[in-house]
Amino acid sequence: MFDKINSFDKINSIESSLSFVSIFSGLMALLSAFISFVAINYGINISFENFSIIFSNITFLQAILFVLTFFIGFIIHGIRYLGFDYYRRIRNSKNYKKNLCTRFLFYMFRNGTVIEECLNEKRNLKENTKLTSYKWIDESNNVVLDVWNHAKEIFVKYPQLDIYKFYYYSECFQCFDTIFIFVSILTFLLGTTDCIIKHDILTSHFIMIVGLSFSFFIFHIFSKKTGKSFARRFFLEIQLGLNLLNNNSEK
């Protein structure tokens, strides 16, 4: 019985770790690639009974591409960090200028992150002179550092609060955000190319590919918004944790 409890705790702890982000990003990338693959190669005229035929017709090269796609899902988190860091370096350089490239980098890798949402809350405070919903942000002189310092303090003293849970949720949806926009673009480009080769332009197959690409893009927008929401929920958890720390220190 004790071993079962320990096993459950280990499974439950994955939810608050980078493994959670990597695993679900990989699964989402694989699922998205599979849907795109089926849509491009078989169109809408397919029944569930024919799925076995689909798998039997997958070539060795296509199987390798699926495996690579799965691993791309695992490293997508690293790709986001790479883009985030690259944008930070450009933003802090003396020759920084807003242009199409920097705007694209910001949208892809910076917009919606915990750091940017922290800065947004601080900017709103300065512009509107109204207090935010988070006292620790209002009082912070360096919100980028304080978000991690406060979270670490709460985690050390009250690990049962699972302070980082919503942070990892946010990271997961940020990865979904990147996956969906990449799949949206690739589905449209590869699908359109395939239709041109097969002379299927302006057919129901082509319309379905366009619709699927648009659907992936909508999922991208929803994922970005959901990531932002979980980031702000992370701020709320920090505020509640700090309230607990302050109440206990006054006793």
Side-chain angles (χ1 to χ4, degrees), residues 2 4-25 77-78 80-85 87-89 91-92 106-178 221-251:
F2 182 72
K4 289 183 179 180
I5 294 175
N6 282 340
S7 298
F8 178 79
D9 290 339
K10 288 179 180 179
I11 293 172
N12 196 40
S13 66
I14 293 177
E15 186 180 18
S16 296
S17 69
L18 290 178
S19 297
F20 172 81
V21 179
S22 296
I23 290 172
F24 276 88
S25 297
H77 200 213
R80 284 195 58 84
Y81 273 124
L82 181 64
F84 179 92
D85 188 60
Y87 174 82
R88 180 183 62 82
R89 292 173 184 273
R91 184 69 178 83
N92 293 334
F106 174 82
Y107 179 78
M108 285 293 296
F109 302 113
R110 178 82 180 207
N111 186 23
T113 62
V114 167
I115 295 299
E116 190 60 28
E117 287 304 299
C118 276
L119 294 174
N120 279 338
E121 291 289 336
K122 201 66 176 178
R123 290 189 198 104
N124 290 335
L125 176 63
K126 292 180 180 179
E127 293 173 2
N128 302 324
T129 65
K130 293 181 180 179
L131 296 180
T132 70
S133 302
Y134 319 105
K135 186 178 179 182
W136 67 270
I137 292 181
D138 298 337
E139 298 175 347
S140 174
N141 294 320
N142 192 338
V143 70
V144 173
L145 289 178
D146 285 344
V147 63
W148 306 120
N149 291 335
H150 290 325
K152 182 178 180 181
E153 182 182 10
I154 296 167
F155 176 75
V156 171
K157 295 186 178 180
Y158 299 103
Q160 68 275 17
L161 294 180
D162 201 5
I163 190 68
Y164 290 108
K165 180 171 67 174
F166 289 101
Y167 162 71
Y168 288 118
Y169 286 174
S170 177
E171 289 282 304
C172 194
F173 275 95
Q174 288 172 44
C175 289
F176 289 176
D177 160 15
T178 303
I221 294 174
F222 281 136
S223 295
K224 188 174 284 291
K225 290 183 178 296
T226 304
K228 290 181 179 182
S229 297
F230 278 129
R232 290 192 291 272
R233 178 57 190 271
F234 176 51
F235 303 156
L236 177 59
E237 293 298 310
I238 290 176
Q239 185 62 65
L240 296 175
L242 290 175
N243 292 344
L244 183 61
L245 286 172
N246 292 333
N247 290 337
N248 288 338
S249 64
E250 292 174 359
K251 292 180 180 180

Under the side-chain contact (heavy atoms from CB on, under 4.5 Å) rule, what do Trp136 and Asn243 come out as? Steps first, then yes or no, please. CA-CA 10 Å; Trp136 67 270; Asn243 292 344; over 6 Å; no
Check against side-chain contact (heavy atoms from CB on, under 4.5 Å), Leu240 and Leu161: CA-CA 10 Å; Leu240 296 175; Leu161 294 180; over 6 Å; no
For Tyr81 and Glu171: C-alpha separation, side-chain torsions, deciding distance, then whether side-chain contact (heavy atoms from CB on, under 4.5 Å) applies. CA-CA 11 Å; Tyr81 273 124; Glu171 289 282 304; 3.5 Å; yes
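Using modelled atom types, one finds a donor on one side chain and an acceptor on the other under 3.5 Å when comparing Gln174 with Ser170.
By the ring-ring contact (aromatic ring centres under 6.0 Å, His included) test, Phe84 pairs with no residue at all, sequence neighbours left out. With sequence neighbours excluded, the residues satisfying side chain to side chain contact (heavy atoms under 4.5 Å, CB included) with Arg89 are Asp85. By the side chain to side chain contact (heavy atoms under 4.5 Å, CB included) test, Lys225 pairs with Ile221, sequence neighbours left out. With sequence neighbours excluded, the residues satisfying side chain to side chain contact (heavy atoms under 4.5 Å, CB included) with Ser223 are Phe173, Phe176, Asp177, Phe180. Judged as a ring-ring contact (aromatic ring centres under 6.0 Å, His included), and not counting sequence neighbours, the contacts of Phe155 are Tyr164. Residues passing the salt bridge (charged side-chain N to carboxylate O under 4.0 Å, His left out) test with Arg110, sequence neighbours excluded: Glu116. By the ring-ring contact (aromatic ring centres under 6.0 Å, His included) test, Phe109 pairs with no residue at all, sequence neighbours left out. With sequence neighbours excluded, the residues satisfying ring-ring contact (aromatic ring centres under 6.0 Å, His included) with Tyr107 are His220. Applying the side chain to side chain contact (heavy atoms under 4.5 Å, CB included) rule to Asn142 yields the partners Val144, Leu145; only residues at least two apart in sequence or on another chain are considered. When the salt bridge (charged side-chain N to carboxylate O under 4.0 Å, His left out) test is applied to Arg91, no partner is found at least two apart in sequence or on another chain.
The local environment of CG in Asn141 is sparse, with at most 12 non-hydrogen atoms from other residues, nucleotides or ligands closer than 6.0 Å.
Listed by first then second residue, pairs satisfying salt bridge (charged side-chain N to carboxylate O under 4.0 Å, His left out) with a partner in residues 239-248 number zero, not counting sequence neighbours. Residue pairs that meet the side chain to side chain donor-acceptor pair (under 3.5 Å) test with at least one member in residues 149-159, sequence neighbours left out, are Tyr158-Asn248.
For the atom pair OH (Tyr134) and SG (Cys118), the distance works out to 9.5 Å, reported to the nearest 0.5 Å. The distance from the CD1 atom of Ile154 to the CG atom of Leu245 is 5.5 Å, given to the nearest 0.5 Å.
Using a 4.5 Å cut-off on side-chain heavy atoms (C-beta onward), Val114 and Tyr167 make contact.
Counting all heavy atoms, side chain and backbone alike, Glu117 lies closest to Gly112 at OE2-CA, 4.1 Å. Taking all atoms of both residues into account, the shortest heavy-atom contact from Val147 to Ile238 is O-CD1, 3.6 Å.
Side chain of Lys122 to main chain of Ser140: a donor-acceptor pair is present (N/O by atom type, distance under 3.5 Å, no hydrogens or angles). For Lys228 (side chain) and Thr113 (main-chain N/O), no donor-acceptor pair under 3.5 Å exists by modelled atom type.
Results of the side-chain contact (heavy atoms from CB on, under 4.5 Å) test with Phe235 over Arg233, Arg232, Gln239, Glu237 single out Arg232 as the only residue that passes.
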